Every structure is written in C-alpha cells, then in structure tokens.
Amino acid sequence: MHVDRYEKLWMAISITFLVMLMLIIGYTAYAHGVHVPHESAAHTPESEPTEREPGVYQIGDNEYEVVIHAKVWSFTPGEIKIPQGAKVHFILTSEDIIHGFYIPGTTVNSMAVPGQETRFTYEFNKPGEYLILCHEYCGTGHHMMVGKIIVE
Ligand code: CUA
C-alpha cells in the first residue's frame, strides 16, 4: 500500500502528540496525584457532608460557618443574614445533581457536588444584598434557582 510522504509525516506527528499526552497524563496522575474527584474525597475527618444540617453557625467574632444544601431548584437556606465584615466559611453540598454556586460581584464561583463538600471562605465587607445563582444547567427550573445573602 502506498502512503504519501506527507501523509506519513502527519501520522508520525499525530502519534507523537498522542503518546506525549498520555505520558503527561500518566505522569501527573502518578507523580503528582492529580485525579478526578472520587468518593473518598467527600469525607473529611471532622464531618460527613450529609450529617451537617443546613444553616448559619456562628463560630467566632463575626465569623460564621454556613452549611448550604443545593437541590433542584433551590438553596437551603435560601436567605442568609450576616453582619457587615463577616467572614463566612461556606460548606456546600448537593442533595441530587451538580449545581453551580455563583455570587456576582464577589470572587465566589463554585460548585455543589452530590456526596461531596465544597469549602471556601469569603469576607463580606460591603453591605447590601448579594444574589446566589446556580450557574450550572440543572433542568427546567435552573433559571429559577437563586438564593440571597443580606449583609447588614
Ligand atoms: Cu441548579 Cu442550575
């Protein structure tokens, strides 16, 4: 079978790239432990995600833990009131499917994943009303899935 010279060249380049990609993936997975999320990442020693009731818990001087459960198509609690300057440690999970968690005007942009906890911290220094938006398409009610944080 005759294969054109340039065809051979492109085949060689393509195969080289494929082999390089697989080597890079293998290297990062085994040498650096990079992998997709899995079940064991869900469980932290101090708490199981399903055992924490949703709510606002004061843990220090103007410091709060906020446990939020997302499910189609709402956040629980749906409205959170905190004082100005509050440092909030979010603990986020989903009861069904993957949802987004985005607060416009802040650096908060995260995901609620079933069976896992997403933890992040944000300090609300500006008073006002903040919207929580689900920015991951999750079905027919997706555009209705909002929450509110009131900083007073
Ligand atoms: Cu929940 Cu989109």
Side-chain angles (χ1 to χ4, degrees), residues 13-152:
I13 291 173
S14 307
I15 290 167
T16 309
F17 267 104
L18 272 177
V19 170
M20 271 169 56
L21 267 175
M22 285 195 280
L23 287 176
I24 289 168
I25 290 170
Y27 176 71
T28 52
Y30 292 103
H32 296 292
V34 175
H35 50 70
V36 294
H38 57 88
E39 200 58 35
S40 69
H43 307 294
T44 51
E46 61 272 27
S47 66
E48 295 285 316
T50 46
E51 285 172 7
R52 290 294 296 273
E53 285 297 313
V56 180
Y57 305 91
Q58 183 154 17
I59 57 166
D61 187 24
N62 212 5
E63 194 169 351
Y64 299 84
E65 254 182 8
V66 173
V67 179
I68 296 182
H69 285 198
K71 67 169 182 226
V72 286
W73 288 284
S74 63
F75 296 103
T76 310
E79 193 178 296
I80 296 156
K81 274 192 187 147
I82 43 164
Q84 185 181 357
K87 191 180 204 179
V88 177
H89 305 282
F90 288 95
I91 301 167
L92 184 63
T93 192
S94 170
E95 293 179 9
D96 41 36
I97 55 175
I98 292 178
H99 296 280
F101 192 92
Y102 172 55
I103 307 177
T106 71
T107 54
V108 177
N109 183 339
S110 194
M111 309 286 284
V113 181
Q116 299 210 15
E117 276 182 357
T118 309
R119 287 168 177 262
F120 51 91
T121 299
Y122 188 79
E123 218 174 286
F124 291 87
N125 289 318
K126 268 201 305 201
E129 279 192 18
Y130 293 79
L131 267 184
I132 302 170
L133 302 176
C134 175
H135 65 328
E136 180 72 26
Y137 184 73
C138 56
T140 50
H142 162 69
H143 63 287
M144 307 279 287
M145 191 167 170
V146 293
K148 198 193 274 182
I149 296 173
I150 300 164
V151 180
E152 36 190 22

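Residue indices begin at 1 and follow the sequence shown. In this text, all values refer to a predicted model and were calculated from it rather than measured experimentally.
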Given side chains that start at C-beta, do those of [X] and [Y] come closer than 4.5 Å, heavy atoms only?
X    : Y    : result
Y122 : T107 : yes
F124 : I82  : yes
K126 : V151 : no

If you round to the nearest 0.5 Å, how far is [atom2] of [Y] from [atom1] of [X]?
X    : Y   : atom1 : atom2 : answer
I68  : L92 : CD1   : CG    : 6.0 Å
H99  : T93 : NE2   : OG1   : 10.0 Å
T121 : I91 : OG1   : CD1   : 9.0 Å

Before giving the answer on side-chain contact (heavy atoms from CB on, under 4.5 Å), spell out for I132 and F101 the whole-Å C-alpha distance, their side-chain angles and the decisive distance to 0.1 Å. CA-CA 6 Å; I132 302 170; F101 192 92; 3.5 Å; yes
Just distance, no hydrogens or angles: give the donor-acceptor pairs under 3.5 Å from side chains in residues 56-66, sequence neighbours left out.
{"unit_1": "Y57", "atom_1": "OH", "unit_2": "E53", "atom_2": "O", "d": "2.6"}
{"unit_1": "Q58", "atom_1": "NE2", "unit_2": "G60", "atom_2": "O", "d": "3.1"}
{"unit_1": "N62", "atom_1": "ND2", "unit_2": "Q84", "atom_2": "O", "d": "3.0"}
{"unit_1": "E63", "atom_1": "OE2", "unit_2": "H89", "atom_2": "NE2", "d": "2.6"}
{"unit_1": "E65", "atom_1": "OE1", "unit_2": "R52", "atom_2": "NH2", "d": "2.9"}

Could you give all pairs that pass the side chain to side chain donor-acceptor pair (under 3.5 Å) test and reach residues 133-152, with sequence neighbours left out?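 Found N109-H135.
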Compile the donor-acceptor pairs under 3.5 Å between side chains in residues 70-77 and protein atoms, sequence neighbours left out, one pair per line.
{"unit_1": "W73", "atom_1": "NE1", "unit_2": "C138", "atom_2": "O", "d": "3.1"}

Using the side chain to side chain contact (heavy atoms under 4.5 Å, CB included) criterion, which residues pair with I13? Sequence neighbours excluded.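 By the side chain to side chain contact (heavy atoms under 4.5 Å, CB included) rule, I13 matches L9, W10, F17.
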Partners of Y27 by side chain to side chain contact (heavy atoms under 4.5 Å, CB included), sequence neighbours excluded?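 A31, H32.
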